Amino acid sequence: MAILVTGGAGYIGSHTCVELLNAGYEIIVLDNFSNSSPESLNRVKELTNKNFKTYNIDLLDKVNVEKVFLENNIESVIHFAGLKAVGESVEIPVHYYHNNITGTLILIDIMQKYNVFNIVFSSSATVYGAPKQVPISEDFSLSATNPYGRSKLIIEEILNDVYISNNNWSIALLRYFNPIGAHESGRIGENPNGIPNNLMPFITQVSIGKLQELKVFGSDYSTPDGTGVRDYIHVVDLAHGHLKALEKIMTRSGVEAYNLGTGKGYSVLEMVAAFEKASNRKIPYSIGPRRTGDIGECFADPSKAERELGWKAEKGIEEMCIDSWRWQSQNPDGFQKDKNSIAHVLV
Ligand code: NAD
Ligand code: UFG
């Protein structure tokens, strides 16, 4: 029996593949490499000394997705595949809705056909919209402020309906806060296309001189230093959360949402200071206006995941910064130079 990992070549997917393989799971990766490189999977194999099948398939390609279920004995699915850039989603909403929502519909339709009812879905703290208070718990009201967030919200609702229609389904909706960091080996990490939108990859690219300075988006929030506060979580902790969720859905049916965060918020300036300490490099920055759509403060109440999954984030901000720095300094061009490597990819 195998675990199908959609989007397994991506940032969170590749780290989760390492932990799944280390825990002894058989995995199959499905990815169209629209935002990733096959080289990340070569490195997953190198890190774990284990092999697995990889399908270069778009989730929208129903015929080939079905082939994956025909050819393999799949027990559960971890569904990472999706587009995730908030700004881009505002520019090309139809593409985002089609890729994220239609892709998920095709996947769950085929899962039902092959009697595979276990799914862990990558949701996001963005489904809380602009929360009225912090820390945020799972029963807070949900809303979306952009097409990306709305695609996550709609998929959560679809998965709720799917469970109502058939109680065999076992579904974990994992609402990630802000994943940063990288595998401690420095071999896999976040590899954004173009200029990064997110804080940590922006900082790391400033640290190696690829970008000149960080623009801090606003210093007039009602936070201790006026800059935005977020719940940064180490990507390896996040990967472990998927294994715990997988164990849970294999033993019960139902649909449950879990916050995966640390429960502690850090401001932009605190992140700059922590990264400077970890890398021993200065991060030049200037204060700019607020970014449209940003909220001041966002951090999790992660107690449900601890109570029900037995999962808790272990790694602190120092380790997150050290690992981000190691990845960026050892791979200044990400997986770029190996972008055309096609090793062992099926279809
Ligand atoms: P990523 O872009 O690195 O990984 C996503 C992977 O899915 C990529 O390898 C991409 O090529 C693949 N993919 C996209 N559309 C596909 C399709 N139609 N068919 C097949 N493969 C497809 O992103 P990530 O940071 O690893 O995020 C993984 C998931 O977690 C995404 O669903 C994302 O929305 C969600 N998420 C991410 C964050 C974050 O800050 N990184 C926060 C909350 C939620
Ligand atoms: N920030 C800057 N300068 C930058 C980038 C970010 O000051 O160049 C600030 C932001 O204003 C915010 C903080 O750094 O206060 C974090 O911003 P990110 O863009 O890294 O993360 P967000 O919390 O805005 O959003 C991320 C993902 C979303 C996801 C959300 C919750 O981009 O897709 O986390 O998981 F929904």
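Treat the numbers as computed from the prediction; the structure is a model and nothing was measured. For ligands, and for the atoms within them, numbers begin at 1 and follow the listed sequence. Residues take their numbers from the sequence shown, with the count starting at 1.
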When you measure from [atom] to every protein heavy atom, which one gives the shortest distance, and what is it?
{"atom": "atom 37 (C) of ligand 1", "answer": "I12 CD1, 3.8 Å"}
{"atom": "atom 35 (O) of ligand 2", "answer": "F177 O, 2.8 Å"}
{"atom": "atom 4 (O) of ligand 1", "answer": "G10 CA, 3.4 Å"}

Closer than 4.0 Å to some heavy atom of [X] - which atoms of ligand 1 meet that?
{"X": "P179", "value": "39 (C), 40 (O), 41 (N)"}
{"X": "F80", "value": "28 (C), 29 (C), 31 (C), 32 (O)"}
{"X": "S123", "value": "43 (C), 44 (C)"}

Quiz item: Parallel, tilted or perpendicular: which fits the ring planes of Y176 and F80, with parallel below 30° and perpendicular above 60°?
Solution: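 Y176 and F80: tilted rings.
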
Check each of [options] against [atom] and report the one with the nearest heavy atom.
{"atom": "atom 3 (N) of ligand 2", "options": "M200, R175, K215, E213", "result": "K215"}
{"atom": "atom 7 (O) of ligand 2", "options": "F217, Y176, Y148", "result": "F217"}
{"atom": "atom 24 (O) of ligand 2", "options": "E297, R290, K152, R291", "result": "R291"}

Quiz prompt | Any N/O pair F177/ligand 1 closer than 3.5 Å | solution = no

Exercise. Report yes if Y176 has an N/O atom closer than 3.5 Å to an N/O atom of ligand 1; otherwise report no.
Key: no

Quiz item: Which bit of N99 is near ligand 1, meaning a heavy atom under 4.0 Å away: side chain, backbone, both or neither?
Solution: side chain

Quiz item: Any heavy atom of N100 sitting closer than 4.0 Å to ligand 1?
Solution: no

